[in-house]
There are 2 protein chains.
Amino acid sequence: MTETTRRPSGHATLRDVAALAGVSIKTVSRVVNHEPGVMPDKVVAVERAMRMLDYRPNLAASSLRRADGRTATIAALLEDIANPFSAEIHRALEDVARQRGVLILAGSVEESPETERALVRAFTARRVDALVIASATENQGYLEREVSDGTPVVFVDRTPVGFAADSVVTDNAAGAGRAVAHLVTHGHQRIAFLGDLRTITTERERHTGFMQAMTERGLPVRSDHVAHDLHTELDTENAVQRILTGDDAPTALFAAQNNITVATVRCLQRLGLEHEVALVGFDDFPLADLVRPGVTVMAQDPSAIGRLAGEIVFARLAGDDSPAECHVVPTQLVVRGSGEIPPPAS
Amino acid sequence: MTETTRRPSGHATLRDVAALAGVSIKTVSRVVNHEPGVMPDKVVAVERAMRMLDYRPNLAASSLRRADGRTATIAALLEDIANPFSAEIHRALEDVARQRGVLILAGSVEESPETERALVRAFTARRVDALVIASATENQGYLEREVSDGTPVVFVDRTPVGFAADSVVTDNAAGAGRAVAHLVTHGHQRIAFLGDLRTITTERERHTGFMQAMTERGLPVRSDHVAHDLHTELDTENAVQRILTGDDAPTALFAAQNNITVATVRCLQRLGLEHEVALVGFDDFPLADLVRPGVTVMAQDPSAIGRLAGEIVFARLAGDDSPAECHVVPTQLVVRGSGEIPPPAS
DNA sequence: CCGGGTCTTGACATCGATGTCAAGCGGGCC
DNA sequence: GGCCCGCTTGACATCGATGTCAAGACCCGG
């Protein structure tokens, strides 16, 4: 008869524990929450009963009644949790949250505004304590209605428009500018730009940074050396092929996103040009050092972004009500070879 | 006066909507849940009130009272959500879940039994509807007490011990055997084994498959050609260096895990041996095709594992109570060059 | 015009917990 | 001995929703 008295419906409740321990449910609640002022012998009895019944507090019921209504859960809306950039942010966030006993609900937005809204709605229905979001919409004003007052929102990788909230972003324009500077230092004058969907603000910032750096140096950018909206591997391959086989082909390429960089490397290898055409990518990726030549990149620091976003969330939850701020995480040039290829002596 | 009547505490409740629409809360509840038998004009009034107040149902309160107690949330305990293998599973799971309006709570176990238990407890406290778990413990009997009766549990990548539940795993032993067969076909006789922590069951299965395939072919395996417990990049580099510089060095390497494979490639490149020593890795990874030589691997299909696990979860939730099954997802040999290097003519 | 059925509707108990408050008890002080 | 005080403890209302059930409106046939 070691059978525990489990009710058929599922878990034991405070009531069951109270009955077994011979005390009121309130006393059990006090023991569970380590409130002071319970006689030691009752504490022992309650703890014994909890063990016997495998009691697990029901967090949903608890947070329903609790004054602050906290659920110890925060939501992360990222671009695609399988993409290394998003996955690193997610992981860093998890580490910060776990120290505080908080769990993460994650969802992939996939650059779809509809998905984003649906997810926000699903998260708020679960009354998450905070939202960390890489938004795919042009304007986040809708959050004003969706998110209840006082729920912290922190934007990662994108700055908010139409909604006041903290954000943690990479210094996209400056990073793109430094990539251009690096290539120019190595003698390049004709540099092509390969970018993702223009609906993505980071892509626009990188494009702006690129153009500005070129203009500052008096270098012209031919419009057929700028490719936008490359969102699949095929898009990129077509663009690279077209750009490199035209007249007056560029001697260097700037790939403004990690998937684009990888697709570009693959295309260069197929064309046998990986040692002829210089390449700098934006955002680092695993194994960039193992490819020949190694891929020079402007590395972002997704882990730092996630960590910082997490810290801001908890500061806000702890009551920090200073004005919303935009935190900029710098990029770092990682030299590996592809960005140091000189232009052909003409 | 477009100000909405929002209570200071946060969201509007059924009560608020009911008051504004001039009906009872039960009628509002009926409209929210699309229950039939409400007069059209009341439906309209309620919907107008819901819009005016930005009403969002409180899922926690709802699931507390609901007969089935479902929270529309499932938990995923994976090894490390930033590792591509785990991230793919996570993503596939998310896709299956989202179709059904279910969200995912994820946590990284990091091969730590303590973390695993703590996470399981945190998840059950939130009354998740199901658990998908890549367990790091030797025995999962403890789940019997933790998980309430009727909550589906599906193991991924590891088979359960001491707990009856469905599992979805890769055919580790057979895959390792096929890797050996492939190398032998290309003329290798001295093959080394590089494996992860022996506490991980998949590592043990791959090791078993490796040894069995060697033995079947009458090929001896020297104990100093077997390296276990390589869990950091440094561990692997040391092991590879030691193995390749010993006498009678192996002519081929079998790396039993993706991080180990990558570390091995890095080490071979540094030693300048990447075109001399053959290498087959277990588990594919991004850019394996871009390295020179391309890395031949026994590819797992994490996306299929995640999808299948998700489908099993929902079948169980829908009432399927057939006996627990172990689903095996086959591996696939992906030939890219590193595994086809012949042994040096002695 | 009345009995019986269907259709709407809302009052009320309930899910599992926490917050409020007052009762009961014992001890110290005047 | 009586009063006040602090410490424990439990009864009860409550959080935001759903399930139960009965009341009332309405229509039908007899």
Side-chain angles (χ1 to χ4, degrees), chain A residues 6-46 49-50 53-72 124-129 148, chain B residues 6-46 49-50 53-72 124-129 148:
Chain A
R6 192 103 51 105
R7 11 172 62 189
S9 65
H11 287 96
T13 70
L14 271 195
R15 190 191 234 77
D16 302 325
V17 176
L20 183 62
V23 299
S24 75
I25 59 171
K26 182 68 222 194
T27 298
V28 179
S29 167
R30 290 195 177 96
V31 173
V32 170
N33 293 296
H34 303 105
E35 284 175 33
V38 179
M39 294 293 277
D41 59 327
K42 303 227 168 189
V43 172
V44 171
V46 168
M50 291 200 302
L53 296 175
D54 270 340
Y55 173 71
R56 304 272 175 266
N58 183 326
L59 206 87
S62 163
S63 89
L64 181 60
R65 187 63 182 84
R66 245 194 175 89
D68 59 11
R70 296 270 168 88
T71 54
T124 56
R126 286 168 180 76
R127 298 294 190 272
V128 293
D129 296 338
S148 88
Chain B
R6 192 107 46 108
R7 13 172 61 186
S9 64
H11 286 96
T13 70
L14 272 194
R15 192 191 232 75
D16 302 325
V17 177
L20 182 61
V23 298
S24 76
I25 58 171
K26 182 67 220 192
T27 297
V28 179
S29 168
R30 290 194 177 97
V31 174
V32 170
N33 294 293
H34 303 105
E35 282 174 34
V38 178
M39 294 293 278
D41 59 327
K42 302 225 167 185
V43 173
V44 171
V46 169
M50 294 200 300
L53 297 175
D54 270 338
Y55 172 71
R56 304 270 176 265
N58 182 327
L59 206 87
S62 162
S63 89
L64 181 61
R65 188 65 182 84
R66 237 189 184 91
D68 59 12
R70 296 270 169 87
T71 54
T124 56
R126 285 169 181 77
R127 300 292 191 271
V128 293
D129 296 338
S148 88

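In what follows, chains are A, B, ... by sequence order, proteins preceding strands, each numbered from 1.
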Less than 4.5 Å apart, side chain to side chain, heavy atoms only: is that true for B/D16 and B/T13? yes
Whole-Å distance, B/L14 CG to C/dA11 C1', equals 15 Å
Among D/dA17, D/dT9, C/dT20, the one nearest any side-chain atom of A/K26 is C/dT20
Taken to the nearest whole Å, CG/A/N33 to P/C/dG19 is 8 Å
From CE of A/M50 across to C1' of C/dA17 the rounded distance in Å is 14 Å
Checking C/dA17, C/dG10, D/dA17 against the side chain of A/S62 (C-beta onward), the nearest is C/dA17
Test item: B/R126 side-chain N/O and A/A72 main-chain N/O as donor-acceptor pair under 3.5 Å: yes
Just call it for A/V32: base, sugar-phosphate, or nothing, with non-hydrogen atoms closer than 4.0 Å on any strand. nothing
- Query: Taking the side chain as C-beta and beyond, is there a heavy-atom pair between B/T27 and B/S24 under 4.5 Å?
  - Reply: yes
Winner on side-chain proximity to A/I25, out of C/dT18, D/dT9, D/dG10, is C/dT18
Closest to the side chain of A/T27, out of D/dA17, C/dA17, D/dG10, is D/dG10
- Message: Looking at B/S29, I'd like to know whether one of its side-chain N or O atoms comes within less than 4.0 Å of OP1 or OP2 on D/dT18.
- Response: yes
CG (B/L14) and CE (B/M50) are apart, to the nearest 0.5 Å, by 9.5 Å
When rounded to whole Å, the CG to P distance for the pair B/L59 and D/dT18 reads 10 Å
Comparing nearest nucleotides in DNA chain C, the 5'-proximal residue of the pair B/L64, B/D41 is B/D41
Regarding the side chain of A/R65, the nearest nucleotide among C/dT9, D/dT14, D/dT9 is D/dT14
From NZ of B/K42 across to C1' of C/dT9 the rounded distance in Å is 7 Å
State whether A/N58 places a side-chain N or O below 4.0 Å from either non-bridging phosphate oxygen (OP1 or OP2) of C/dC15.
no
To the nearest angstrom, the CD-P distance between B/E35 and C/dG10 comes to 14 Å
**Asked** Backbone N or O of B/S62 within a donor-acceptor pair of the B/R65 side chain at under 3.5 Å?
**Response** no
B/M39 atom CE is separated from C/dG10 atom P, nearest whole Å, by 12 Å
With the side chain defined as heavy atoms from C-beta on, A/R30 is closest, among D/dG16, D/dT14, D/dT9, to D/dT9
From CZ of B/R66 across to P of D/dA17 the rounded distance in Å is 11 Å
Whichever of A/V23 and B/Y55 has the more 5' nearest nucleotide on DNA chain D, that residue is A/V23
